[in-house]
Participant: 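What follows is a single structure, and I will ask about it in a moment.
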Amino acid sequence: MGKMELQSFNADLHVHGLYSGAVSKDMKPDVIAKQAKLKGLHIVGTGDILHEKWLSMFKDCCKWNPDIGMFEHENGVKFLLQTEVEDASRAHHLLYFPDISKVLEVKQALKGKCKNFESDGRPKLHVLGHELVDVCKTAGCLLGFAHAFTPYTGLLALYNSYKESYGDGWRFIKFLELGLSADTDMADHVSELHELTFLSNSDAHSPWPNKLGREFNVLKMAEPSFKEFKACIERKNQRRVALNIGLDPREGKYHKTRCRKCLTFYDPETALKLNWRCPLCGGIIKKGVDYRIKELSDLEQARHPSHRPPYLHIIPLSEIIALAIGTKSVFTNTVQSLWFKLVKTFNTEINVLLNAPIEEISKVHENVGLFVQHFREGKIQYIPGGAGVYGKLIPPGKEQELENVKVFNQPVENFKQENKNKIKALKHKNQKRLTDF
Ligand SMILES: [Zn+2]
Ligand SMILES: [Zn+2]
């Protein structure tokens with residue numbers, strides 16, 4: 001690895017294929033490659049590469065290039081061998097492989113630890129983090145944890161330190177994925193994470209441009225290859241993740257602490273006092289990523305290590321277009337045709353979002369130009385997401401909607417006193433569910 005000039009590559013390194021649960025039937029290698037090109041991504045994770053049929057779909061539609069350790073589509077998009085796995089504690093991990101032979105080797109090594117590799121693209125393994133370290137080390141793969149803080153399956157939702165999961169093998173772990181509900185400023189409140197490289201990936205379950213590439217990384221490397229990517233993760237020879245790009249965490253599904261049933265927001269201390277039970281409807285209050293990070297953090301203020309790149313917040317272009325023309329869905333014909341027109345004019349969606357001059361965008365559609373400007377100037381606000389519901393974009397002029405959000409903001413004791421009978425009734429009504437948290 002020498003003095004070759006470094007270039008920037010846009011890389012979204014966590015997706016799922018059509019054999020994974022709750023994934024769009026359009027999620028096929030060929031469609032992903034074409035959509036990635038329009039988005040402006042140079043490299044995409046294959047997703048689900050331990051799944052036999054999925055691997056053979058790649059063999060059918062792409063060329064394997066052994067020199068770089070990646071699949072190549074005829075349109076130039078490269079695919080890094082990648083999968084997500086679920087371990088015995090339900091934590092999700094990301095794996096990157098240097099070669100197809102290593103994919104098969106890992107599969108062989110985990111054979112007795114998985115009921116069926118072919119039943120789901122994201123295999124459930126009867127192993128814990130430290131056992132995965134052993135397997136990945138032997139095969140020369142990269143291992144880290146996916147959507148680090150997300151409830152249910154984020155490793156740091158389940159453990160208080162990644163060192164608890166990976167045991168003695170923790171030094172082998174060089175990266176974590178932030179997930180949609182967190183960003184660098186949030187994660188760098190936890191000093192044990194400072195030594196890790198952060199990845200921002202879409203975890204896309206559909207190839208359409210509001211999902212694929214909604215988060216990605218700008219990699220600085222000499223060429224797109226597994227070796228160069230590994231150097232980025234290890235931050236060697238100037239190779240690095242130069243920029244993390246993704247949604248504002250407020251758009252993420254698990255950002256804030258919120259009632260699953262009536263969607264009322266709670267400040268976490270109040271939720272704790274209420275024993276995570278909503279006194280308004282009896283529903284379960286789901287802890288948000290913002291609060292989980294507060295629990296884990298040992299720093300009052302985020303402190304960024306010197307190697308940490310900036311994090312740039314974006315909004316998928318189709319969501320901006322939908323806002324600009326005042327429709328709710330990004331899948332209407334008007335939104336779709338405007339999206340295509342803009343991407344054709346400026347080459348890629350990423351160019352439209354970040355580089356194209358506003359006056360040029362306005363020539364295609366005046367209001368879309370205005371809304372891209374709002375986005376670039378940070379004027380779009382959010383009703384934050386939580387309890388599994390995505391956040392909502394609030395453009396200038398619609399601020400009133402922010403006032404309509406349900407927030408529980410009364411002292412718990414007073415509320416309990418005043419509503420004694422009502423709470424009793426709710427408890428009764430929800431009796432069966434009192435055990436399920
Ligand atoms: Zn996952
Ligand atoms: Zn509720």
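Order of listing sets the numbers, starting from 1, for every ligand and every atom in it. In this chain, numbering begins with 1 at the start of the sequence shown.
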Participant: Provide the atom name of the closest N, O or S atom of H92 relative to the Zn ion (ligand 1).
Facilitator: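 Of all N, O or S atoms in H92, the Zn ion (ligand 1) lies closest to ND1.
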
Participant: Within the structure provided, determine whether F226 and L81 are in side-chain contact (heavy-atom separation under 4.5 Å).
Facilitator: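 Side chain of F226 against side chain of L81, heavy atoms only: no contact under 4.5 Å found.
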
Participant: To the nearest 10 degrees, calculate the angle at the Zn ion (ligand 2) involving SG of C278 and SG of C262.
Facilitator: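 Result: 110°, to 10°.
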
Participant: Not counting sequence neighbours, list each pair that qualifies as a salt bridge (charged side-chain N to carboxylate O under 4.0 Å, His left out) and has a residue in residues 214-224.
Facilitator: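 Sorted result for residues 214-224: empty, none.
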
Participant: If the condition is salt bridge (charged side-chain N to carboxylate O under 4.0 Å, His left out), which residues does R90 pass it with, not counting sequence neighbours?
Facilitator: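 Expected list: E86.
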
Participant: For F175 and Y96, take the angle between the two ring planes, folded into 0 to 90°, and tell me which bin it lands in: parallel under 30, tilted 30 to 60, perpendicular over 60.
Facilitator: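 The rings of F175 and Y96 sit tilted, inter-plane angle from 30° to 60°.
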
Participant: Between H14 and the Zn ion (ligand 1), is there a contact where an N/O/S atom of the residue lies under 2.8 Å from the metal?
Facilitator: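 So H14 does not count as coordinating the Zn ion (ligand 1).
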
Participant: Do L193 and L156 come close enough that some side-chain heavy atom pair is under 4.5 Å?
Facilitator: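 The answer is yes, as the side chains (C-beta and beyond) meet within the 4.5 Å cut-off.
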
Participant: What's the SG-the Zn ion (ligand 2)-SG angle here (C259, C281), rounded to 10 degrees?
Facilitator: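 Answer comes to 100°, rounded to 10°.
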
Participant: Can you tell me if, anywhere in E84, an N/O/S atom lies at a distance from the Zn ion (ligand 1) that is smaller than 2.8 Å?
Facilitator: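 Yes, E84 qualifies, because one of its backbone or side-chain N, O or S atoms lies under 2.8 Å.
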
